[in-house]
Amino acid sequence: MRITVASGKGGTGKTTVATSLALSLAVNSAQLPPLFLDCDVEAPNAHLFLKPVFENYKDVSILIPSIDQSKCTSCGKCAEVCEYHAIAVLGKNVMVFSQLCHGCGSCTLVCPTKAIREVPDVIGVLESGSTPVGINFSHGILNVGEPMAVPVIQQLKKWVTPQPDQVVIVDAPPGTSCPVVESVRNANFLLLVTEPTPFGLHDLTLAAQVANELKIPAGVIINRDGIGNAGVEDFCAVEGLPILMRIPYDRAIAEGTAQGQTLIEIFPEYTLLFQQMLVEISRIVDQR
Ligand code: SF4
Ligand code: SF4
């Protein structure tokens, strides 16, 4: 089973939930420790909580055009076909703006003189290893200044193969843009972490739309329960979204997570609550 933990915005406690869910599974001797994928490749931080020892590394590249000026006739067809304005013909020179290039290959296809060949451009790296409690941990890191997170997420998801019956926990990036959709794709369940405020409701609404569009069953965790208003609960009731856990607003949690502790390390009683939540998620997924 693949569970993606997402939230409409950053700072809602998404990684706190994802890492605690993983740890609660790892300490359950009846279950295989999970596979954890941190797909928040622009700012991965789950490793700070789960503390893996990285042993495997892989560069992530996309193919970008390289121009052989001796074969180029300056016809301009490559620039015409590029939807991302990543290639420009200026007089007799063809310029490639690698950070705009999506590696689609269209310019290579249309070049009438075969003046373009594709060369790899490294945009990030994948790392994997084991945590002290046996979680198989992997994450991707997008190089600073690179705009395209999706290829890193795609390659991270392909790089690791779960064992049969191994639960996969995916920590998605914040927001609802393309990297989130890529992280959510193929999930069996979407766990949405929100807070009970108008901002939380706004972002939860968008995240729930992603679940609807992708036809993935979803449930909600309300973090910082006790602040704000009842808007999130009302929305969940109308949309038929089960509220699977409430985590109260508590200074001890904020202080603990700031020091790199997971929720179940701060309050061990949450271990059982996360395990029970997984049983409920399995039931919802089986019902589908
Ligand atoms: S399509 Fe090929 S020949 Fe035409 S400008 Fe581009 S690189 Fe040069
Ligand atoms: S590979 Fe695609 S995105 Fe990159 S320059 Fe060529 S046409 Fe543009």
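Just follow the structure's listing: the first ligand is 1, and inside any ligand the first atom is 1. Only this structure's heavy atoms are used, side chains among them; waters, hydrogens and symmetry mates stay out.
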S.K.: Which one holds for T73 and ligand 1: side chain close, backbone close, both close, or neither close, with close meaning a heavy atom under 4.0 Å?
M.R.: both
S.K.: Answer with side chain, backbone, both or neither: which part of C104 has a heavy atom less than 4.0 angstrom from an atom of ligand 2?
M.R.: both
S.K.: In plain terms, say whether E80 and K77 are close enough for a salt bridge, that is, a side-chain N and a carboxylate O under 4.0 Å apart.
M.R.: no
S.K.: Please write down residue, atom name and distance for the protein heavy atom closest to atom 3 (S) of ligand 2.
M.R.: H102 N, 3.3 Å
S.K.: Is a donor on one side and an acceptor on the other found under 3.5 Å between the side chain of T113 and the backbone of K71?
M.R.: yes
S.K.: In the protein, which heavy atom is nearest to atom 2 (Fe) of ligand 1, and how far is it?
M.R.: C111 SG, 2.4 Å
S.K.: Can E127 and K58 be counted as an ion pair, charged N to O under 4.0 angstrom?
M.R.: no
S.K.: Hey, what's the ring geometry for Y270 with F267, parallel, tilted or perpendicular (30° and 60° as the breaks)?
M.R.: tilted
S.K.: Return yes if a side-chain donor-acceptor contact under 3.5 Å exists between N136 and Q166, otherwise no.
M.R.: yes
S.K.: Just let me know how S74 lines up against ligand 1, side chain, backbone, both or neither, with a heavy-atom cut-off below 4.0 Å.
M.R.: backbone
S.K.: Nearest to atom 8 (Fe) of ligand 2, what protein heavy atom do you find, and at what distance?
M.R.: C82 SG, 2.3 Å
S.K.: Taking 2.8 Å as the cut-off, does C72 contribute an N, O or S atom near atom 8 (Fe) of ligand 1, distance below it?
M.R.: yes
S.K.: Look at atom CZ of R283 and say whether more than 12 heavy atoms of other residues, nucleotides or ligands are closer to it than 6.0 Å.
M.R.: yes
S.K.: Numbering the atoms of ligand 1 from 1, which are under 4.0 Å from a heavy atom of T113?
M.R.: 3 (S)
S.K.: Identify, by atom number and element, the atoms of ligand 2 in contact range of Y84, meaning under 4.0 Å from any of its heavy atoms.
M.R.: 3 (S)
S.K.: Could you state whether L50 and V133 fall into the same hydrophobic cluster, counting links through intermediate Ile, Leu, Val, Met, Phe, Trp or Tyr residues with side-chain heavy atoms under 4.5 angstrom apart?
M.R.: yes
S.K.: Just to be sure I read this right, does ligand 1 sit under 4.0 Å from the backbone of I116, its side chain, both, or neither, counting only heavy atoms?
M.R.: side chain
S.K.: Measure the distance from atom 4 (Fe) of ligand 2 to every protein heavy atom, then report the residue, atom name and distance (to 0.1 Å) of the closest one.
M.R.: C101 SG, 2.3 Å
S.K.: I need the nearest protein heavy-atom contact for atom 6 (Fe) of ligand 2: residue, atom name and distance, please.
M.R.: C107 SG, 2.3 Å
S.K.: Do the rings of H102 and Y84 sit parallel, tilted or perpendicular, given the 30° and 60° boundaries?
M.R.: parallel
S.K.: Would you call R117 and D68 a salt bridge, taking side-chain N to carboxylate O under 4.0 Å as the test?
M.R.: no
S.K.: Among all protein heavy atoms in this structure, tell me which lies nearest to atom 1 (S) of ligand 2, with the distance rounded to 0.1 Å.
M.R.: G105 N, 3.3 Å
